[in-house]
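Single-structure report; data block below.
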Amino acid sequence: MTLTLKIWRQADAAAEGRLHTYQLDEVSPDMSFLEMLDVLNEQLNAAGEEPVAFDSDCREGICGMCSLMINGEAHGPEVTTTCQLHMRSFADGDTITIEPWRAAPFPVLKDLVVDRSAFDRIIQSGGYISVNTGAAPDAHAIPVPKQNADRAFDMATCIGCGACVAACPNGSASLFVGAKVTHLGELPQGQAERDHRVVNMVAQHDHEGFGGCTNIGECAAACPKEIPLDVISQLNRDLRAAMRHGH
Amino acid sequence: MTDMPDTTTTGNPSHDAPGDVVDDAAGYYREGDPIADTKSPDDQPVERRWSERKFSARMANPAKRRTLSVIVVGTGLAGASAAATLGEAGYQVKTFCYQDSPRRAHSIAAQGGINAAKNYKGDGDSVYRLFYDTVKGGDYRSRESNSYRLAEVSVNIIDQAVAQGVPFAREYGGLLDNRSFGGVQVSRTFYARGQTGQQLLIGAYQALERQVAAGTVETFTRHEMLELVVVDDGSGPRTRGIITRDLVTGAIDTHIADAVVLATGGYGNVYYLSTNAMGSNVTASWRAHRKGAFFGNPCYTQIHPTCIPVSGTHQSKLTLMSESLRNDGRIWVPKDPADVTRDPRDIAEEDRDYYLERIYPSFGNLVPRDIASRQAKNMCDEGRGVGPEVEGVRRGVYLDFADAIARLGRPAIEAKYGNLFDMYTRITAEDPYQTPMRVYPAIHYTMGGLWVDYDLQSNLPGLFVAGEANFSDQGANRLGASALMQGLADGYFVLPNTIRDYLADGPFDTVPDDHPAVVEARASVQERIDHFLTVNGTRSVDSYHRELGNIMWEYCGMERSAEGLRKAIDLIRSLRDDFWRNVKVLGDSESLNQSLEKAGRVADFFELGELMCIDALHRRESCGGHFRAESQTEDGEALRHDDTFAFVSAWEFGGESGARELGTPVLHKEDLVYTAIEMKQRSYK
Amino acid sequence: MTSVATTDLVRGGRSTRTTIALKLTMAVSGLVFVLWVLAHMYGNLKAFAGHDAFDEYAGHLRTMGQPIFPHAGALWIIRAILVVAIVAHVTSAVILWRRAEGARTTRYQVKKNKHSSLSSRTMRWGGLALLLFIAWHLINFSAPRVNVTGGSTADPYDLVVDSFSTWWLTLVYLVAMLALGMHIRHGFWSACQTLGWTSTTRARHRAKSAGIFLAVLIAGGFSLVPIFVLAGVITK
Ligand SMILES: Cc1cc2nc3c(=O)[nH]c(=O)nc-3n(C[C@H](O)[C@H](O)[C@H](O)COP(=O)(O)OP(=O)(O)OC[C@H]3O[C@@H](n4cnc5c(N)ncnc54)[C@H](O)[C@@H]3O)c2cc1C
Ligand code: SF4
Ligand code: FES
């Protein structure tokens, strides 16, 4: 296949960026999207132009490192991560516009690479269960109904990629926060800190500059792990409960 | 999964008889003094040693702990759990990782599960049995006291993880579910669907972030360790810090602490294509090795038989397909090389070679990882491989579910393997329900790593090594679901208990910026960066990496021979030489520069690759995951030589001779002594 | 470490100061409006019962709640609640709008909407339009009252008939009802979500269906009178 690529190039966080157009021939449909970019980078390197910077690590759809807004869709047209997207999802002759995630709390560092450390700080503010190493009771001491365990698991599959934020017109990270609040809130171990957790995580979310949710649903549609909108309802509900409890 | 229903013939040392005392590696190394672990209380029975050591290890009181600092490089299972636990204990901790968040470490990709000797199924499991399986699975090349401790603390890991909210699979009664993994006789594997590594890592990551909020841990993301700072002020060497590069700004920083922990994972990416994450590298370990830390058993690598095959030269990494597929899939290739391009469904039953069932009638498709892998390579080398031709060879064999679908029905197969089939379809655009899957072996794990004693301390005082980065517990081959166990055992339970003994002597003197050791380390980092940016050669870093990987895979992969390894060493040396003179790295060092990052990593892989080949050349025996052509039984099976090779090869860096030429490495042997287990030879026929 | 917008952690956050608190305010005030427009729509349909029934209803609004409340007291209470609700609704909306603008300072060159409904994406401009409409509506029928045909404004029923006999005014009302329907369609489900009533897939689907039902009911119900006036079925 032959492709026209319009790629956002930006030298560093402070620089102005713009779209550059590249032509790429001999793209195989079996390539992953990132392998296609690898090939482009080889070509650029050979021609003396600095390769395009983009993030990836596991390339298996699990680490959440890869990002990319592809033709206006976070992680591209399929429900998966960019690294698991393959070129057979595109047609010969296509023009593909590739941009970084855009949200004020995710500043662009270079080209397609953004800083998502805001997510780490949201977890720091309460996305955990406080238990010191060695202080745990036997794992069978507290049975967890399978239904709750399964729901906790579903929400724990979030990979922290940030596609939800990238897709949301409000730049809200409610899906990410909701997934964690629901994961931990579903388990008996997570009850003690439930009120504090939700209040602090939402407060940090707001402080980072993410927008408020207006229940539009773009986030869940973009989420490669299919985290459902339900978690935002759960988040709101938990916050309301915390409000009632005076937090 | 080397462990299959009883696979051993009763202890019969006659196989091991007069090992060839041929020294294939003569001229490539020097032999140094033997080395020994001095921390394990070996006078105690194996089950008492850990309690004994925990008791004898010195402690610092809480007030003093606040004055002691530890650097933890790596935030995978081993690093994150260690840093969180040390933070909880009150030490000042700094963590480093090259990803943008600690949560993305390579551990996240582990699928299958984590072993623990909980015996929740009441099927006769015990700490001793897990210990026994680990040693046997490791082909009697692990250190007995370490393997025992691993089995012993495995039970605490599950408790800890559950308390943190790790959503392991549960049964309807609300209790934890277990599965049997890789054919072991007991069900001891805890799992969270196919994402066990992710869930465990998120648990450890959350514990880590909790400590960040508590102020005991500071995390440095997108920071790569490029050098170790070892200070010797007359009283012997002490590891005191690291030099890092901020991957975003390019800033070179010095971080000083009382002790340094490396938890930087494995080095499978020396093969270029592996199931490891793109950024997995050996730089941290290798820089430590260059500073004097011994490298243990570098040639011990594990190959996983069922990965999705390479689809073209653009391939950047390989994806693992769970081994469980072999429970129902049948592996075959066409008998006639002329058939390899035909639609497999049109190839008649009698024209298919179900080679594992043919060669190993009693184990068939369930032979251990190393055998399944080696035979697949043999078939492809014979020209009977299937799938796309990449660089002249078709590297793939069929894994066929047609019989299983006919026998059990499609819904049953869907229920068992649905998500794996979907993943396969996403990557290959082929439907495994209709046409056989294609699989091929890939590098998956490295048992070798920096040498450590029972305290997980390397021979360099103050340098501790945890997780896949150390060589310790897995021997020459690792059981499935035991790497996650080791990473967390090291990080949560072992290291925090042993490092305190070392730290009890601290805090150590401050190390000023102008200390010669710091100046030297920074200069060496700067020199390499400047070099790469000024070579102005013609070839990209990736192209060198790929070529190095091919050499390693071809000659230091599943099957090794003296001739091949010597050839590999020559090839690596000349390619490395070319690399230093002809690599092309654009951009600058003051901003994010991914080519520059890769250049440094590949430079270290070159040096490691050579040492791996020398180690493999020296170890003239087939053990664990690798087959030495010169060491096989009459019917072509692996032959171990316990009388000549029952030791750990701990390699000391040989220094540099001339411009970027490596000196001769020095081999220190640590004898392996088994008091609780008798050595046996494996047999799968 | 790297350049980030902020690196500090919020300590002692309060639930009442969060964006979700703003959302809750919007949800509750929005639901107050839904109840109000339901009642209002029901009242409007009295126009089908003829002049006297309609005016009696208008009068009843004033005597409602007597003697517990003084004359028109209940109406004033309702008015007060509505004023508070609208102020709260609009203020929260403006704050959230500004936050959203701040969260996406650089726009995408290409952006697709994968899932969101038109209603959900037009809440803000649609809401603004509704606000203008309400202002006109009050001027039209409450105070000072305007009869675009130049006729009397004293009789509520006659004013209604005069107004909707004017084709362009009917059109304005119908467009406004479309906007109202869309606003309710997303707003109702959104309020349920914000109040945490939709934590399962089923509940989510039910809330969405209820939103559509209410939207059609209210917008449709309101539209009947203008249409039938214009069509000459309802006359003076
Ligand atoms: C596909 C796959 C599936 C697997 N499945 C299983 C399984 O089912 N069960 C099982 O037990 N094991 C499994 N394993 C093995 C297991 O996942 C790993 O062995 C284990 O997770 C390693 O953990 P670690 O903490 O030692 O290192 P890693 O998780 O590799 O972490 C390394 C850390 O070091 C950091 N780092 C590396 N170099 C530097 C540097 N120079 N400077 C700064 N930071 C650096 C990285 O950023 C990272 O944080 C699997 C492995 C793979 C590849
Ligand atoms: S909720 Fe989904 S889109 Fe958002 S960070 Fe998690 S996985 Fe990514
Ligand atoms: S690179 Fe890990 S999820 Fe895409």
Side-chain angles (χ1 to χ4, degrees), chain A residues 11-12 28 30-31 34-35 38-39 42 45-46 48-51 53 55-60 62-65 80 84 86 88 109-110 113 115-117 119-120 123-125 127-134 136-140 143-146 149 152-153 156-157 160 183-184 187 189-190, chain B residues 84-85 88 99-104 106 108-109 118 120 156 158-160 162-165 167 170-176 192-193 195 198-199 202 206-207 209-210 212-213 219 221 248 277-279 311-312 314-317 319 426-427 429 492-493 496 540 542 584 586-587 591-592 594-595:
Chain A
D12 56 50
S28 148
D30 288 330
M31 284 176 183
L34 298 181
E35 284 168 349
D38 290 342
V39 172
E42 279 286 317
N45 198 65
E49 183 173 351
E50 205 182 330
D55 270 330
S56 82
D57 204 30
C58 74
R59 297 209 179 177
E60 277 191 27
I62 194 76
C63 73
M65 186 90 176
T80 187
Q84 289 286 289
H86 284 73
R88 62 182 81 91
L109 299 175
K110 178 163 183 165
V113 176
D115 182 342
R116 286 169 289 197
S117 54
F119 273 11
D120 288 336
I123 298 296
Q124 281 159 26
S125 68
Y128 48 75
I129 289 171
S130 296
V131 53
N132 281 6
T133 303
D138 185 87
H140 266 183
V144 182
K146 186 168 166 48
F153 180 89
T157 57
H183 159 209
L184 298 177
L187 298 169
Q189 293 87 339
Chain B
T85 307
E88 288 160 11
Q99 294 92 343
D100 72 336
S101 163
R103 67 180 291 153
R104 306 202 201 284
H106 164 62
I108 201 131
K118 278 285 197 186
Y120 279 162
N156 304 339
I158 303 303
D159 298 342
Q160 184 64 28
V162 165
Q164 289 170 344
R170 287 182 185 262
E171 296 168 336
Y172 282 100
L175 298 181
L176 294 162
R193 272 177 233 166
Q195 299 157 28
Q198 180 196 25
Q199 294 310 323
I202 298 297
Q206 287 170 187
E209 296 296 0
R210 171 175 165 243
V212 173
T219 53
T221 58
V248 177
M278 298 301 288
S311 70
H314 55 259
Q315 192 89 22
S316 59
K317 76 152 283 174
T319 302
R426 177 151 356 106
I427 294 175
Y492 282 133
F493 299 107
S540 71
D542 280 350
K584 180 173 190 174
L586 299 169
S591 70
L592 191 76
Q594 294 170 329
S595 305

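Letters A, B, ... mirror the listed sequences (proteins, then strands); counts begin at 1.
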So, the side chain of [X] versus the backbone of [Y]: is there a donor-acceptor pair under 3.5 Å, distance only?
| X | Y | result |
| --- | --- | --- |
| B:His314 | A:Asp38 | no |
| A:Lys110 | B:Val248 | no |
| A:Glu42 | B:Ser540 | no |

Contact leader toward chain B among [options], where contacts are heavy-atom pairs under 4.5 Å:
| options | result |
| --- | --- |
| A:Thr80, A:Leu187, A:Leu184 | A:Thr80 |
| A:Glu60, A:Glu35, A:Met31 | A:Glu35 |
| A:Ala11, A:Ala46, A:Gly64, A:Ala149 | A:Gly64 |
| A:Pro143, A:Gly134, A:Gly190 | A:Pro143 |
| A:Ser56, A:Gly48, A:Ser125, A:Pro145 | A:Gly48 |
| A:Val113, A:Asp12, A:Val144, A:Thr157 | A:Val144 |

Looking at chain A, which one of [options] has the largest number of heavy-atom pairs inside 4.5 Å, strictly under?
| options | value |
| --- | --- |
| B:His106, B:Arg170, B:Lys584 | B:Arg170 |
| B:Glu171, B:Arg193, B:Gln195 | B:Arg193 |
| B:Ser595, B:Gly173, B:Ala192 | B:Ala192 |
| B:Pro102, B:Ala429, B:Pro496 | B:Ala429 |

Please look at [X] and chain A and tell me whether the side chain, the backbone, both or neither of the residue comes under 4.5 angstrom of a heavy atom of that chain.
| X | result |
| --- | --- |
| B:Gln160 | both |
| B:Asn156 | neither |
| B:Gln99 | both |
| B:Ser101 | both |
| B:Ile158 | both |

Going by distance alone, is a donor N or O of one side chain under 3.5 Å from an acceptor N or O of the other, for A:Ser130 and B:Arg210? yes

Under 4.5 Å from a heavy atom of chain B, the part of [X] involved:
| X | result |
| --- | --- |
| A:Arg88 | side chain |
| A:Glu50 | both |
| A:Val131 | both |

Exercise: identify the closest heavy-atom pair between [X] and [Y]:
| X | Y | value |
| --- | --- | --- |
| A:Ile62 | B:Ala109 | CG2-CA, 3.8 Å |
| A:Ala139 | B:Asp159 | N-OD1, 2.8 Å |
| A:Ile129 | B:Ala163 | CG2-O, 3.3 Å |
| B:Pro167 | A:Ala156 | CG-CB, 3.9 Å |

To the nearest 0.5 Å, what is the distance between [atom1] ([X]) and [atom2] ([Y])?
| X | Y | atom1 | atom2 | result |
| --- | --- | --- | --- | --- |
| A:His183 | B:Gln206 | NE2 | CD | 6.0 Å |
| B:Gln164 | A:Thr133 | CD | OG1 | 7.0 Å |
| B:Ile427 | A:Gln84 | CD1 | CD | 4.5 Å |
| B:Asp100 | A:Leu109 | CG | CG | 8.5 Å |
| A:Asp55 | B:Leu592 | CG | CG | 7.5 Å |
| A:His140 | B:Leu175 | NE2 | CG | 4.5 Å |

Would you say the side chain of B:Lys118 lies within less than 4.5 Å of the side chain of A:Asp138, judging by non-hydrogen atoms? yes

Do B:Arg104 and A:Asp57 touch side chain to side chain, with heavy atoms closer than 4.5 Å? no

